[in-house]
Number of protein chains: 4
Amino acid sequence: MVQERNKGAEKRERILQSAIKVFARKGFYNTRVSEIARTAGVADGTIYLYFKNKDDILISLFNDRIGKLNDEMERQLAALDSPSEKVKRIVSIQLGLLRGHKDLAEVITINLRQSNRFLKQYAAPGFNRYLDIIAAVIQEGQQSGDFRQDVSPRVAACSLFGALDGLSLTWVLGTRDADRLARAGQQVSHIFIEGLRAPETTGT
Amino acid sequence: MVQERNKGAEKRERILQSAIKVFARKGFYNTRVSEIARTAGVADGTIYLYFKNKDDILISLFNDRIGKLNDEMERQLAALDSPSEKVKRIVSIQLGLLRGHKDLAEVITINLRQSNRFLKQYAAPGFNRYLDIIAAVIQEGQQSGDFRQDVSPRVAACSLFGALDGLSLTWVLGTRDADRLARAGQQVSHIFIEGLRAPETTGT
Amino acid sequence: MVQERNKGAEKRERILQSAIKVFARKGFYNTRVSEIARTAGVADGTIYLYFKNKDDILISLFNDRIGKLNDEMERQLAALDSPSEKVKRIVSIQLGLLRGHKDLAEVITINLRQSNRFLKQYAAPGFNRYLDIIAAVIQEGQQSGDFRQDVSPRVAACSLFGALDGLSLTWVLGTRDADRLARAGQQVSHIFIEGLRAPETTGT
Amino acid sequence: MVQERNKGAEKRERILQSAIKVFARKGFYNTRVSEIARTAGVADGTIYLYFKNKDDILISLFNDRIGKLNDEMERQLAALDSPSEKVKRIVSIQLGLLRGHKDLAEVITINLRQSNRFLKQYAAPGFNRYLDIIAAVIQEGQQSGDFRQDVSPRVAACSLFGALDGLSLTWVLGTRDADRLARAGQQVSHIFIEGLRAPETTGT
DNA sequence: TATGAATGAGTATTCATTCAT
DNA sequence: CATGAATGAATACTCATTCAT
């Protein structure tokens with residue numbers, strides 16, 4: 001029975017993998033459910049045993065993956081001490097998605113923004129947790145005196161996420177050179193760490 | 001005859017305005033051409049006297065508006081001297097879009113990313129010019145000694161655009177409080193200006 | 001004023017000529033009224049000053065031309081004496097259409113058969129007069145003793161018309177070699193003249 | 001499984017039957033795909049499981065039926081000896097179509113000539129085989145000395161087909177009296193057999 | 001669970017026709 | 001008479017979803 005459940009989970013996973021691949025290539029609205037099915041090696045109808053409808057595939061996909069990403073992010077950040085190290089790690093993880101999971105990154109960067117209904121209703125929770133994790137790092141840095149106090153952690157988090165997303169976007173549209181992306185990441189880390197650094201409290 | 005030409009242009013403009021409104025509300029793929037027509041007060045067929053097809057509406061809309069935005073941006077930046085003032089102005093113009101042209105901003109932030117084909121093939125030129133304008137400001141700052149040299153102007157430009165786009169995204173999804181957005185803008189300006197500032201070359 | 005009326009008639013004629021050309025190339029249903037207008041060098045709306053609608057163009061065209069053809073046929077046949085000479089002339093006139101008025105012939109052979117409604121309601125009168133002219137020749141030959149009596153003139157007329165139409169069809173679809181068509185015509189004349197010849201009434 | 005395959009074929013056949021009926025009544029261009037579907041008792045979309053598009057229905061229909069007709073023709077002619085008997089059989093089979101398969105005959109006689117593109121590209125092969133079968137009979141008659149040699153078998157075939165098609169056309173447009181058609185057929189047979197008869201080689 | 005044939009609602013686009021100029 | 005911009009009805013075809021097997 002465990003085996004059977006695994007079997008089902010494995011099929012669900014195969015469908016998600018195929019969906020990522022096809023969504024990345026064609027975009028959500030230009031993707032046919034039958035193509036996901038064909039790519040996954042299942043019948044059209046089988047999709048509907050695992051997902052409510054086509055929208056649900058995108059939503060499940062996003063929530064599933066962002067969840068794993070958030071978990072991984074928290075795990076890695078917990079192992080680091082300095083706020084600037086944590087910022088660097090955030091940068092490398094978010095940009096690293098593009099290397100290891102190019103299709104997934106493309107789906108998240110591009111396809112997820114189909115409509116704000118989509119974003120608001122379904123993607124918001126996972127996305128907010130992502131931003132919260134980053135904001136927590138900023139806040140921690142503020143409390144430790146590393147980062148200046150006059151910047152809202154949330155604003156900093158959105159900006160950092162956005163800056164990396166902007167880089168991802170131009171990278172996806174452009175050269176797709178991995179080294180170039182890594183260097184860009186270092187520069188962004190630098191901008192934010194310096195930009196957030198608490199002024200030298202001279203005296204006392 | 002001038003009047004007649006104006007009439008045609010005015011009708012085209014009305015269609016674009018309506019498209020912005022409806023795209024913003026429903027998203028590109030959930031927008032019916034007939035709804036754009038109804039909103040513009042023209043017949044369905046009339047749309048096709050001014051645009052090749054539905055895609056062409058979105059493309060024309062983006063290129064038309066980004067062109068005007070770029071022009072305005074260049075005009076305003078030319079009137080400023082200090083690089084940091086220019087960065088602040090970039091921030092206020094990009095975020096200002098959300099106030100004055102909420103629907104347009106929503107279309108650009110959300111709807112344009114329908115497929116990377118869309119982005120790559122049609123939106124890239126106008127978008128690149130936008131990034132070039134920002135990059136030029138950064139470079140200028142580097143030459144004047146205000147900004148550090150070890151950051152690629154292009155990377156900085158993408159990051160700044162992205163940071164503001166990230167703010168826009170969360171703002172659109174969230175409270176939509178104008179003051180809050182203005183304050184966030186100031187903080188981002190601060191992060192980037194400080195983050196880009198050339199280190200004090202103390203002494204000689 | 002006569003000039004003006006001529007002007008109008010001339011424009012109507014130009015539209016008909018253009019219609020023949022475009023119908024022949026594209027077929028009735030694949031022809032756009034606007035293309036006829038463009039070919040004729042008039043505005044779309046002008047067409048409707050001379051014809052009730054698109055159907056009316058085809059109907060007018062057919063009736064106008066078949067009328068002229070019938071007139072010409074009668075004129076030429078009247079100048080001949082022997083029934084077999086007349087049959088030969090019918091053959092050469094009908095097939096001659098393909099040489100001198102290729103497009104017109106194509107429209108009549110192919111496009112006119114769009115629907116039997118078309119044929120029954122509008123084309124029938126002119127077509128029937130055409131068949132009547134041929135039938136009259138047969139009957140005349142029967143009365144003169146040249147042709148056998150046991151064939152209905154009408155049936156012979158339909159068959160002769162059809163035989164030539166069949167030749168036209170394969171010719172239009174095939175080589176389009178003019179000489180070959182002329183030789184074929186002679187053979188058809190022969191078949192019909194011999195096939196219709198009254199048996200030698202030997203003796204008495 | 002055989003049953004399942006039959007089921008599919010049976011549905012395809014039902015669609016073709018309905019198409020014949022509706023095409024005959026309304027003409028190809030005035031036929032709605034949805035009406036074919038309704039007549040066949042299937043959903044609109046089902047049509048597209050069996051045919052590429054509307055054109056493909058007409059093409060398939062013609063090729064399917066002309067193929068069967070050609071087969072039947074060859075079978076029956078093989079059982080006959082004398083060339084004139086064979087000519088008579090050709091006549092009765094072609095005209096017989098109008099009795100047994102009135103709608104089909106109407107589609108072939110009238111609707112198929114929508115455009116020469118249609119005819120040339122798709123209908124030509126089946127139509128040519130039909131003409132070849134007739135031409136072979138003529139040639140056989142020439143070799144046996146029954147028919148004169150100075151008529152091209154192909155020309156005779158086109159003419160015979162055309163004569164019968166002409167009869168069909170006027171019959172479809174007119175009285176539709178079956179007996180009258182049968183008598184007309186006998187007369188056409190007569191014309192062609194006599195018209196093709198080899199001259200009496202008197203002497204020796 | 002899995003299938004895939006069948007469904008039928010849904011829509012971009014065309015084009016004959018009109019009518020204000 | 002002539003124009004051609006505007007109209008809006010009309011329709012082939014697609015594709016997410018269902019359900020009998």
Side-chain angles (χ1 to χ4, degrees), chain A residues 4-5 7-8 11-12 29-38 40-57, chain B residues 1 3-5 7-8 11-12 29-38 40-57, chain C residues 4-5 7-8 11-12 29-38 40-57, chain D residues 1 3-5 7-8 11-12 29-38 40-57:
Chain A
E4 276 167 19
R5 207 186 313 162
K7 236 179 167 181
K11 195 164 284 195
R12 190 189 133 97
Y29 281 99
N30 291 311
T31 290
R32 309 294 135 232
V33 171
S34 60
E35 186 169 359
I36 297 177
R38 200 178 56 243
V42 301
D44 291 17
T46 305
I47 301 264
Y48 292 86
L49 297 174
Y50 296 94
F51 302 94
K52 217 165 64 250
N53 50 38
K54 189 184 168 189
D55 283 15
D56 190 38
I57 301 175
Chain B
M1 202 183 112
Q3 214 174 15
E4 278 167 18
R5 208 185 311 160
K7 238 177 166 180
K11 195 161 286 193
R12 189 190 135 99
Y29 282 100
N30 291 310
T31 291
R32 308 293 133 235
V33 172
S34 61
E35 187 169 358
I36 298 178
R38 201 178 55 243
V42 300
D44 291 20
T46 306
I47 302 264
Y48 294 87
L49 296 176
Y50 296 93
F51 301 95
K52 224 167 54 252
N53 49 39
K54 192 184 167 188
D55 282 16
D56 190 37
I57 301 176
Chain C
E4 278 167 17
R5 206 185 315 159
K7 238 178 164 182
K11 192 162 287 192
R12 191 189 133 97
Y29 281 99
N30 291 311
T31 290
R32 308 293 136 233
V33 171
S34 61
E35 186 168 359
I36 298 177
R38 200 177 57 243
V42 301
D44 292 18
T46 306
I47 302 264
Y48 293 85
L49 297 174
Y50 295 93
F51 301 94
K52 218 164 65 248
N53 51 38
K54 189 184 168 188
D55 282 17
D56 190 38
I57 302 176
Chain D
M1 199 181 115
Q3 213 175 14
E4 279 167 18
R5 209 185 312 161
K7 235 181 171 181
K11 194 161 287 194
R12 189 190 133 98
Y29 282 100
N30 291 309
T31 290
R32 307 295 132 234
V33 172
S34 61
E35 187 169 358
I36 297 178
R38 201 178 56 243
V42 299
D44 291 19
T46 306
I47 302 264
Y48 294 88
L49 295 176
Y50 296 93
F51 301 95
K52 223 168 52 251
N53 49 39
K54 192 184 166 190
D55 282 16
D56 190 39
I57 301 176

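In what follows, chains are A, B, ... by sequence order, proteins preceding strands, each numbered from 1. Since this is a predicted model, take the numbers as computed values, not measurements.
- Atom-to-atom, CD1 of B/Ile36 to P of E/dT13 comes out at 11 Å; the value is rounded to the nearest Å.
- Nucleotide F/dT14 holds its C1' atom 13 Å from the CG atom of A/Asn30, rounded to whole Å.
- Atom C1' of nucleotide E/dA12 and atom CG of B/Asp56 are separated by 14 Å, given to the nearest angstrom.
- Among the nucleotides E/dT13, F/dA6, E/dA2, the one closest to the side chain of B/Tyr50 is F/dA6.
- Here E/dT13 is the nucleotide among E/dT17, E/dA6, E/dT13 with the atom lying nearest to any side-chain atom of B/Lys54.
- Going from atom CG of C/Asn53 over to atom C1' of E/dT17 covers 9 Å, rounded to whole Å.
- Of the candidates F/dT14, E/dT7, E/dA2, E/dA2 carries the atom nearest the A/Lys11 side chain, counting heavy atoms from C-beta on.
- Rounded to an integer number of Å, the gap from D/Leu49 CG to F/dT14 P is 11 Å.
- Looking at which nucleotide of DNA chain F each of D/Lys52 and C/Gly41 is closest to, the 5′-most match is held by C/Gly41.
- Not a single side chain to side chain donor-acceptor pair (under 3.5 Å) links B/Asn53 to another residue, sequence neighbours left out.
- Ranked by how close their nearest DNA chain E nucleotide is to the 5' end, C/Ser34 and B/Thr31 are led by B/Thr31.
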inquiry  = Output the pairing pattern of DNA chain F as a dot-bracket string, 5' first, Watson-Crick or G-U wobble with both distances under 3.5 Å, | for cross-strand pairs, [ ] for crossing pairs.
reply    = .||||||||||||||||||||
Tabulate atom names and distances for all N/O pairs under 3.5 angstrom spanning the protein and nucleotides 8-11 of chain F.
{"residue": "F/dG8", "atom": "N7", "partner": "B/Gly45", "partner atom": "N", "Å": "3.2"}
{"residue": "F/dT11", "atom": "OP1", "partner": "D/Arg32", "partner atom": "NE", "Å": "2.8"}
{"residue": "F/dT11", "atom": "O5'", "partner": "D/Arg32", "partner atom": "NE", "Å": "3.4"}

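- Not counting sequence neighbours, the partners of B/Asp56 by the side chain to side chain donor-acceptor pair (under 3.5 Å) test are B/Ser60.
- Residue A/Arg38 contributes atom CZ, which lies 13 Å from atom C1' of F/dC15 at whole-angstrom precision.
- To the nearest angstrom, P of E/dT14 lies 16 Å from OH of D/Tyr29.
- Under the side-chain contact (heavy atoms from CB on, under 4.5 Å) criterion, D/Val33 pairs with D/Ile47, D/Tyr48, D/Lys54, not counting sequence neighbours.
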